[in-house]
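What follows is a set of notes on a single structure, which appears directly below.
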Amino acid sequence: MPRTAVSTLVSPVPRAADSDRRRTSASVVLRSVLEHGPVARSTIARLTGLSPASVTEHCARLTELGLIRESAQPRRSGGVGRPHLPVDLDDTGFLVGGVHVAVPYTTVALLDLRGRVVARRELKHERTDPGWVLARAAEGLSGLLAGVPGRRPLGVGVAVGGWVDRETGSVVEHELLGWREVPVREVLGARTGLPVHVDGHARALVNGERLFGRARGSGSVLHLFVGNVVDAAFATHDEVHHGPRSAAGAIAHLPVPGGSEPCPCSRTGCLQVELSERTLCRRARAAGVIGSANPMHVVAAAAAGDAVARRLLVERSRATGRAAGLLLDVLNPETVVVTEVGVIHFEDCLSALREAVGTHRAAAVLPTSFPDSVLAVAAGSVLLDVLFRDPLDVSPEDI
């Protein structure tokens, strides 16, 4: 067979495989810099098992992209020879946009490559139709970017509760907002001119925890989010489970033993109506604790010494712990992270949660790593997960 024919037949497969390997290796290098930087290239090679030449090649490419840089402080190896220049994330040039759509308001934010919030703003919903909400979000992001001249956005991450299809970038269904089949990626991409990635907020928070939080390095992580929307996400190693059309994590209608709240689904005692912030605030208003629908007012009353407010929060945390225990029995993760206002702010709420989970279970039960910025980090982590999975797909020069 002529040489050209052999080349034509066999060369495409190795090229594709080589490309995949380069992308995977570049991701491993960037994650190592995130977790250990400033770090010497020789240390990256030792930690990752990549060859020194491969690490040097990937560091050069990541530097060219503006994702890492050489540290200003050289380090000597064994006190002899030329000092090494360790590499670190370059968190001075690029930002990612974040949009988190909650029921009462949308949070828009800018984050650096370490998942730290640089700027943030909350936009109260005067209307909830998706076109209006997404248009305001785009305007809000534009305003935040105008306040940080010289920083360029890599794209926008969007986190939304309910059923979110990551592949199509759409909200399939969000009962409380009344959204169905909303093409969020398409709409927000057209308004911002930036790449847009969309995911459910519990899954987004798992990504934030494994990249920047206390769950980093855990073999398996369960995240339980309890707000107006109640949902969950599960990851093994670095893979978050999505299921067909990203429908995994819908736990809103799990039955709660002894639950009494009527649910729009016509049943009584579903998890979301029992634990939602709306229910917490209604009970607090009925008890004369607050006069609003803001759960942070319940937190403030408890912090000021209101015993009824504190009891309501502890009871809610205990119920959240029972729900987490049920999920633990099914999934058996190493780490459980819970985002819930009582658990975030009060040690006795965290203790009630852990007690309800049960001490016989081996999992570490932790509050969110981002108590002051959880919604902003959720949104930004949607895009940052994409970046750290495939940094060579980033083309800042085209933005």
Side-chain angles (χ1 to χ4, degrees), residues 161 201-202 205 209 214-215 221-234 249-263 267-290 293-371 374:
H201 64 186
L205 281 168
E209 291 288 346
R214 289 191 291 269
V221 182
L222 167 69
H223 187 277
L224 177 60
F225 183 93
V226 181
N228 279 312
V229 171
V230 177
D231 56 7
F234 180 66
I251 60 173
H253 297 289
L254 289 179
V256 176
S260 60
E261 292 290 329
C263 182
R267 291 179 292 181
T268 299
C270 291
L271 186 63
Q272 183 161 284
V273 292
E274 288 292 332
L275 297 183
S276 78
E277 290 176 349
R278 289 182 172 184
T279 301
L280 171 67
C281 291
R282 181 178 55 75
R283 290 173 177 172
R285 287 195 303 273
V289 173
I290 62 172
N294 188 336
M296 295 311 297
H297 292 172
V298 184
V299 171
D306 190 306
V308 176
R310 196 63 161 252
R311 176 180 57 78
L312 288 171
L313 289 170
V314 169
E315 288 176 351
R316 185 174 187 247
S317 298
R318 186 172 290 112
T320 300
R322 289 195 292 270
L326 292 173
L327 295 173
L328 268 164
D329 286 339
V330 175
L331 300 170
N332 193 29
E334 287 182 15
T335 305
V336 179
V337 180
V338 177
T339 300
E340 189 270 338
V341 291
V343 169
I344 289 172
H345 290 93
F346 301 109
E347 189 62 36
D348 55 347
C349 288
L350 179 59
S351 296
L353 171 85
R354 287 172 169 162
E355 181 183 353
V357 167
T359 56
H360 63 284
R361 296 182 173 94
V365 181
L366 308 170
T368 177
S369 301
F370 319 105
V374 62

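Along the sequence shown, residues are numbered consecutively beginning with 1.
Ser317 and Val343 get closest at one heavy-atom pair: OG-CG2, 3.7 Å. Closest approach of Ala309 to Ala302, counting heavy atoms only: CB-N, 3.7 Å. Considering all non-hydrogen atoms of both residues, Ala215 and Val337 come closest at CB-CG2, 4.4 Å. Of all the heavy atoms in Val341 and Met296, the pair that sits closest is CG1-SD, 4.2 Å. Taking every heavy atom of both residues into account, Ala202 and Ala232 meet most closely at CB-C, 3.7 Å. The minimum heavy-atom distance between Glu277 and Pro295, with the atom names listed, is OE1-CG, 3.4 Å.
With sequence neighbours left out, Thr279 forms a side-chain hydrogen bond (donor to acceptor under 3.5 Å, both in side chains) with Ser276. With sequence neighbours left out, the side-chain hydrogen bond (donor to acceptor under 3.5 Å, both in side chains) criterion links His223 to Thr339. Here Arg310 pairs with Asp348 under the salt bridge (Lys or Arg N to Asp or Glu O under 4.0 Å) rule; sequence neighbours left out. With sequence neighbours excluded, no residue satisfies side-chain hydrogen bond (donor to acceptor under 3.5 Å, both in side chains) with Arg285. Annotation: side-chain contact (heavy atoms from CB on, under 4.5 Å) contacts of Glu355 (sequence neighbours excluded): none. A search for ring-ring contact (aromatic ring centres under 6.0 Å, His included) contacts involving Phe370 returns nothing, not counting sequence neighbours. Applying the salt bridge (Lys or Arg N to Asp or Glu O under 4.0 Å) rule to Glu274 yields the partners Arg283; only residues at least two apart in sequence or on another chain are considered. For Arg214, the side-chain hydrogen bond (donor to acceptor under 3.5 Å, both in side chains) test picks out no residue, with sequence neighbours left out. Annotation: side-chain contact (heavy atoms from CB on, under 4.5 Å) contacts of Ala364 (sequence neighbours excluded): none. Residues passing the side-chain contact (heavy atoms from CB on, under 4.5 Å) test with Leu331 are Leu222, Phe234, Pro333, sequence neighbours excluded. Remark: Glu334 pairs with no residue by the salt bridge (Lys or Arg N to Asp or Glu O under 4.0 Å) rule, at least two apart or across chains.
Counting only residues at least two apart or in different chains, side chain to side chain donor-acceptor pair (under 3.5 Å) contacts with residues 294-309 comprise Ser292-His297.
Atom CG of Leu328 sits about 9.5 Å away from atom CG of Leu224, to the nearest 0.5 Å. Atom OG1 of Thr320 and atom CD of Glu315 lie 11.5 Å apart (nearest 0.5 Å). We find the CG-CD distance between Leu366 and Glu209 to be 8.0 Å, quoted to the nearest 0.5 Å. Rounding to the nearest 0.5 Å gives a distance of 10.0 Å between CG of Asp231 and CG of Leu271. Rounded to the nearest 0.5 angstrom, Arg311 CZ and Arg316 CZ are separated by 14.5 Å. Here Ile344 contributes atom CD1 and Leu313 contributes atom CG; the two are 11.5 Å apart, rounded to the nearest 0.5 Å.
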Item to complete: I would like to know whether Val314 and Arg318 meet side-chain contact (heavy atoms from CB on, under 4.5 Å); could you show each step before the answer?
Response: CA-CA 6 Å; Val314 169; Arg318 186 172 290 112; 3.7 Å; yes
Discussion item. For Glu340 and Leu275: C-alpha separation, side-chain torsions, deciding distance, then whether side-chain contact (heavy atoms from CB on, under 4.5 Å) applies.
Written reply: CA-CA 10 Å; Glu340 189 270 338; Leu275 297 183; over 6 Å; no
Practice prompt. Show your reasoning for whether side-chain contact (heavy atoms from CB on, under 4.5 Å) applies to Val299 and Phe346.
Written response: CA-CA 9 Å; Val299 171; Phe346 301 109; 4.0 Å; yes
Discussion item. Does Glu261 form a salt bridge (charged side-chain N to carboxylate O under 4.0 Å, His left out) with Arg282? I'd like the steps, not just the answer.
Written reply: CA-CA 11 Å; Glu261 292 290 329; Arg282 181 178 55 75; 2.4 Å; yes
Worksheet item: Would Cys263 and His253 satisfy side-chain contact (heavy atoms from CB on, under 4.5 Å), going step by step from the backbone distance to the final call?
Response: CA-CA 8 Å; Cys263 182; His253 297 289; 3.4 Å; yes
